[in-house]
Amino acid sequence: MLAIDAHDLAKTFRTGWPRRRETHALRGVSLTVARGAIVGVLGPNGAGKTTLLSILTTLLVPDRGRATILGHDLAREPGAIRRRLNMASGNASFLWSLRVEEIIAFYGRLYGLGGRALAARVEELLGFAELGPHRRVPYNELSTGLKQRLALAKSLVNQPELLFLDEPTLGLDPDVAIRLRAQIAALRRRRGTTIVLTTHYMREAEELCDEIAFIKSGRLLAHGSPEELKRAIRLGDVIALRVEAGGAAALAGLPGILRTTAEDGRVELTVDSAQKRLGEVLQRLHESGAVVRDLEVREPQLEDVFIELAK
Amino acid sequence: MMRHELIRIWAFALRNLLMASRNIFFVFELTFWPTVGVLSIGLMTRFLRLSPADTSFVLIGTVALSTVQVCQLDVAYAVLYDVWSKSMKHQFLAPIAVRHLTLGSWLVGIARGLVVFALLAGLAWWAFDFNPFRIGGGALAVFLLGCFLTAWIVGVLVCALVMLFGTRAEASAWATVNLVLVLSGIYYPVSLLPGPVAAVASAIPLTYFLDAFRSHFGFASGFASPLARGFGLSAAYILAAHWGLRAALDRTRRSGLLLKMSE
């Protein structure tokens, strides 16, 4: 069952007068997201991530393409979609003099919540986002971390089946970001919420996401699990060695070595498969009389995939 | 379903109420400027030695001006608050219709308009012997309803302009209503206006509400069935203004301005 089934979404922004400038933000992106999945949309600045999220949340109308969100047609049933999804942005902003509890209650009312149901939901979300002690603080007096937590609390006010998070940990201290990530993971675990998030933090994407969609210049370049992407890009594994007496020269001609760097006794070999090549590498070094003092095998990180795709 | 409708309308009413109650400038908006208006115009009528009838003609316009202005601003705030706080996208992410935000804000506008009217009417009575209450509750209520309907229309129009042009249209929140008031004969009969301008005036509902209200103070009505015309035009404009606001919102979703106003 799909939460998102989008085909060939395209969007061009036209600005300026009298000379119109065109920015092709999306150039035909197709994306499917299974219900209950956490999918990360990654890409360099200006890649079209926020545009894609904005289209999928009905905030922006695409020039071309079609999509079904939670079984509803994006163009024909935006109201039905809005009832069942929500969104939090890392740079979210709310009315400056409303208090934390009033902001959550205001958005709750927009979803038709009232009376005891609204009061209970506000309490639940204040607890979830650990905002209880700050409930009566006006928005403009909150720290960045508290604002982010409020944005997350607000985005859960209608108990969305599909949640979009645009840079949810942007600008947060590491400890706050870790707690926020734990809360995001808990959402899927406890409620089965489908989550689509954008982030510039690769560790965050690797930790949270089942699948990654990589966008660049308005096009979807790759889509799959982090492992699938690493394999597909063929970045290879890295064997890092510290050797005495001899080194890189002894390894010349070995099969499976994609790249070699050597400096001050440190040798880094990028190989097609560390599992397959490690034995041969060590044997060749041993035969040449080199002494291996340190050894590390690294699989490629999502960050390496990002750098490779963003090139 | 009806309960959900009312809750959504109440959301905007409560929001405007909370925002208004926490800003000292809103108190000025409610008391200072309207009071200055009535006092300065009232004193001018003394200086010009206007008859009590002419004084009442002018003061009706002054009181109406402040009442419409205050109520209209509240409707405009429905969108302006979100533009100023850059939170526009959050409310339109929710399953709301434009009627929820304009109606909720209008209700607060009515409450604030009534406060302004009571304050100014009392001041005009005390300082200039003009008692707007003497015509009776029914006629007064009809006049105030006319003022508030006009404010609603202008406020929704301002919301649509802000939606279309962003912060560049902010000034329209204060400018548009003054233009409407000038054209509807705020201090003078619209018969004084040159032909084409008078034709525009005759398309403004407030022209008829002022005309009908002044007839209770002895001024001959310049129109046949002014109230029917006023309410008829109001109904048509309210529908048209909401259609326009909805169209403007759709356009911001296509142009991306909805997102830009949230950044």
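We name chains A, B, ... by the order of the sequence lines, and we start the count at 1 in each one.
Sparse packing is recorded around CZ of B:Arg246, with 12 or fewer heavy atoms of other residues, nucleotides or ligands lying under 6.0 Å away. For CZ of A:Arg84, the number of neighbouring non-hydrogen atoms (other residues, nucleotides, ligands) closer than 6.0 Å is greater than 12. Enclosure of atom CZ in A:Arg66 is not indicated, since only 12 or fewer non-hydrogen atoms of other residues, nucleotides or ligands lie within 6.0 angstrom.
Between the CG atom in A:Leu110 and the NE2 atom in B:His100 there is a gap of 9.5 Å [rounded to 0.5 Å]. Interatomic distance, B:Leu259 CG to A:Phe13 CZ, rounded to the nearest 0.5 Å: 6.5 Å. To the nearest 0.5 Å, atoms CZ (B:Arg15) and CD1 (A:Ile103) are separated by 11.0 Å. Separation of atoms CG (A:Leu59) and CE (B:Met88) is listed at 11.5 Å; rounding is to 0.5 Å. Rounded to the nearest 0.5 angstrom, B:Leu93 CG and A:Lys154 NZ are separated by 5.0 Å. The structure places CG of A:Leu95 at 13.5 Å from NZ of B:Lys86, a figure rounded to the nearest 0.5 Å.
The contact between A:Tyr107 and chain B is made entirely by side chain atoms (from C-beta outward), counting heavy-atom distances below 4.5 Å. Of the two parts of B:Ser262, neither the backbone nor the side chain holds a non-hydrogen atom closer than 4.5 Å to a non-hydrogen atom of chain A. Neither the backbone nor the side chain of A:Arg14 comes within contact range of chain B; no heavy atom of the residue lies under 4.5 Å from a heavy atom of that chain. Neither the backbone nor the side chain of A:Asn140 comes within less than 4.5 Å of any heavy atom of chain B. Contacts between A:Phe106 and chain B at a heavy-atom distance below 4.5 Å involve backbone atoms as well as side-chain atoms. Proximity to chain A is absent for every atom of B:Glu5, based on heavy atoms less than 4.5 angstrom apart. Neither the backbone nor the side chain of A:Thr50 comes within contact range of chain B, judged by heavy atoms closer than 4.5 Å. Proximity to chain B is limited to the side chain of A:Leu85, based on heavy atoms less than 4.5 angstrom apart.
Of all the listed residues (A:Ser54, A:Gly79, A:Gly115), the one sharing the greatest number of non-hydrogen pairs under 4.5 Å with chain B is A:Ser54. Ranking A:Arg82, A:Lys11, A:Glu102 against chain B, the residue ahead of the rest is A:Arg82, based on heavy-atom pairs under 4.5 Å. With chain B as partner, the option from A:Asp63, A:Leu113, A:Val61 having the largest number of non-hydrogen pairs under 4.5 angstrom is A:Val61. No other option in B:His4, B:Arg22, B:Arg3 has as many heavy-atom pairs under 4.5 Å with chain A as B:Arg22.
Heavy-atom minimum distance, B:Ile7 versus A:Gly112: CD1-O, 3.3 Å. Of all non-hydrogen atoms in A:Ser93 and B:Ser87, the two that sit nearest each other are O-CB, 3.0 Å. Summarising the geometry of B:Met19 relative to A:Ser97, their closest heavy-atom pair is SD-OG, 3.2 Å, with the distance given to 0.1 Å. B:Ala11 approaches A:Arg109 most closely through the heavy-atom pair CB-CB, 3.4 Å.
Aromatic ring pairs are classed by plane angle as parallel below 30°, tilted from 30° to 60° and perpendicular above 60°; the pair A:Trp96 and B:Tyr81 is perpendicular.
With contacts defined as side-chain heavy-atom distances shorter than 4.5 Å, the pair A:Tyr111/B:Pro95 qualifies.
Side-chain atoms of B:Arg254 never come within 3.5 Å of backbone atoms of A:Leu60 as a donor-acceptor pair (strictly under, hydrogens ignored).
Residues A:Ser89 and B:Lys89 bring a donor and an acceptor atom of their side chains to less than 3.5 Å of each other.
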Apply side-chain contact (heavy atoms from CB on, under 4.5 Å) to the pair B:Leu18 and A:Arg99, showing each step before the final yes or no.
CA-CA 10 Å; B:Leu18 290 170; A:Arg99 295 167 180 156; over 6 Å; no
